[in-house]
Number of protein chains: 2
Amino acid sequence: MKDISWESYRIFLDVARQGGLTGAAQAIGLSPATVGRRVLQLEEAIGRALFLRSQTGYRLTGEGQALYERLLGMEAIARGVESWRQEGQGTSTVRVMAGTWVTWLVCENMSAICTGKDPFRLDLSVSERRATLTHREVDVGLRAVEPTEPALISRPAGDVAYAPYRRKNAGDALADRWLAVSEEDAVSAYLRWPHERTGNSVAVIVSRPRSLLDLVRSGAGQAVLPCFVGDLDPDLERAGEEIRELRHHQWIVANSEDRHRRDIRTVSDRLFRLLKSHGDLFAGKRPSRT
Amino acid sequence: MKDISWESYRIFLDVARQGGLTGAAQAIGLSPATVGRRVLQLEEAIGRALFLRSQTGYRLTGEGQALYERLLGMEAIARGVESWRQEGQGTSTVRVMAGTWVTWLVCENMSAICTGKDPFRLDLSVSERRATLTHREVDVGLRAVEPTEPALISRPAGDVAYAPYRRKNAGDALADRWLAVSEEDAVSAYLRWPHERTGNSVAVIVSRPRSLLDLVRSGAGQAVLPCFVGDLDPDLERAGEEIRELRHHQWIVANSEDRHRRDIRTVSDRLFRLLKSHGDLFAGKRPSRT
DNA sequence: GAAATGTCTTTCATGGATGAAAAACATAGC
DNA sequence: GCTATGTTTTTCATCCATGAAAGACATTTC
């Protein structure tokens, strides 16, 4: 049986992402005609319909979606190879993976991590699930559990505390209006907590943790947030005590084989300093700020 | 800058594995001439020499080795896609990942897991490092730590105990002749133990845990082994008490989205029964056996 | 409602990737 | 030392994948 060309996987990913042949063709550097033919071949080889075709573009079918999710992993590794390739070439890219909120904090303080003067680019990817550093998908990761793999080096970066938050002066009207992410997206303990502990009083469900903050600010209800997020927002107040069972440590992790790479080391160090300087906030000690 | 074709990655992997163009060409279904050209292009694109060429074949350079290891991850995912593809086609493959010794036990008891009558093939891969089930590289995994990812379902499968072993009647001559795997390959706690706790009395170093058993049997020294391995071997005896600090639980893990796949469920169940029936052995309770 | 714009798909000529075969070379066996 | 067998590499004709352009069709705009 003839194997499926890996190249068609890459083409498939681009078509799925761009939502059509034209965009994908541009992204890859082929003609739309060819891209269409390759997708057709792939569907033939897989034996399933991957796209819903229309005059306006391509949309993934359910099975297409399933394939897409699997192939994202391949793409991540390919990106890893690409940045490995760049190492010798002068320009380098450091790929950092973190959860929603640490990413948010890093964005707010980007100048502390990477400036125009640095000889590297930063590739920040958000993911609640654990990055597989062993496969080198990313160079630096933030984790809530200490890695056991000896191929990884980790540095403890303090505690993270969680508490429920609501809009200031909202009173107790929101007491049983919890905001949560959908159960299939609830990949961390603090995201699962509302489902497990509030007894079906989840009023609004969103798919991204980031939306929780927006909802709380709009006064739609209360949500569990990391203290460093909630306490930093002048429009929010705690709707209760810290939820101690959610408290966890935090580690900065890197592949030990990359120890020598200066840029990775730099990013890792600066990340460490950033987290350290916000240590009290992370730990929920509520320093008085604006 | 033109991206590197993923197809050349696949070709590279085959050349590296087969050790030459001819074998790879056969494996992929291309001519040696083409394979050679594709490898040349890849080296050109990467900007580094990947192979040492000779009339007798291709050997990886250091950088080639680095690339090879990264790309193994891509291949694992591609295999996952392939077996996903097969699902609809009648014949299916269940991919199981386990450590050296559980794999060994499964091989010894293959008839309990998969027989000729079953409508699926078994794909057993050995790896001491944790399989990334989230990317669906494998369908069923064995782990020493309980997974925190909610996308995974896990089932506790008892305890695993470790002890030092030596050849029977070898006396105390071997007392400080420890056998171990090299430090970079020592990815599990029991493999690191000799390095950390025996104070430089490691006499022989091998790269594969599997070789430890052969060495112990030949009387070359003593080594830490899981009790279910050492106690089952009539030629070995314990060279000391169980090492309690190494004892750990064991979980059978699967991706929860595959819950409905009958064959995966079957393999998982049989694996569970196999481990359960050897529960006392795993826990080091030394039932009297031949 | 007609025109404009954006898709995907088909057609067809072309060129670059491909394989067969030969050449060049190393190794193993006798 | 010579032959046999296995490599890689080169040569060259072929053919298949490719892109340009045209066609078909939906959607948006005026």
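A note on names: the letters A, B, ... follow the listed sequences, proteins ahead of strands, and every chain is numbered from 1. Everything quoted here is computed from the prediction, not taken from an experiment.
- Atom CD in Gln18(B) sits about 16 Å away from atom C1' in dT8(D), given to the nearest Å.
- Taking the centre and axis of the six-membered ring of Trp84(A), the NZ or CZ atom of Arg48(B) falls inside the cone set by 45° and 6.0 Å.
- Applying the 4.0 Å criterion to OP1 and OP2 of dT7(D), one finds that Ser54(B) has every side-chain N and O outside that range.
- Between Thr34(A) and dA17(D), a side-chain N or O to OP1/OP2 separation shorter than 4.0 Å is absent.
- Residue Arg38(B) contributes atom CZ, which lies 9 Å from atom P of dA17(C) at whole-angstrom precision.
- Atom CD in Gln41(A) sits roughly 9 Å away from atom C1' in dA17(D) (whole-Å rounding).
- Remark on DNA chain D: of its neighbouring residues Leu30(A) and Gln55(A), the 5'-side contact belongs to Leu30(A), judged by nearest-heavy-atom nucleotide.
- Under the 4.0 Å criterion applied to side-chain N and carboxylate O atoms, Arg208(B) and Asp185(B) are not assigned as salt-bridge partners.
- For Arg265(B), the CZ atom sits in a loose shell: 12 or fewer heavy atoms of surrounding residues, nucleotides or ligands are nearer than 6.0 Å.
- Asn109(B) places a side-chain N or O within donor-acceptor distance of the main-chain N or O of Leu105(B), the cut-off being under 3.5 Å.
- Regarding Ile28(B), its CD1 atom lies at a distance of 10 Å from the P atom of dG19(C), rounded to whole Å.
- Between the P atom of dG6(D) and the CD atom of Gln26(B) lies a distance of 11 Å, rounded to the nearest Å.
- One atom, OH of Tyr58(B), and another, P of dT8(D), lie 7 Å apart when rounded to the nearest Å.
- Distances shown here put every side-chain N or O of Thr56(B) at or beyond 4.0 Å from the OP1 or OP2 atom of dT8(D).
- Summarising the geometry, the separation between CG on Leu50(A) and P on dC8(C) is reported as 16 Å, rounded to the nearest angstrom.
- Contacts of Gly20(A) with the nucleic acid, taken as non-hydrogen atoms under 4.0 Å apart, involve only primed sugar atoms and P, OP1 or OP2.
- Following rounding to the nearest Å, Leu21(A) (CG) and dG19(D) (P) show an atom-to-atom distance of 13 Å.
- Using a 3.5 Å distance cut-off with no hydrogens or angles, the side chains of Gln86(B) and Thr93(B) do pair a donor with an acceptor.
- Distances shorter than 4.0 Å separate none of the side-chain N or O atoms of Arg37(B) from OP1 or OP2 on dT8(D).
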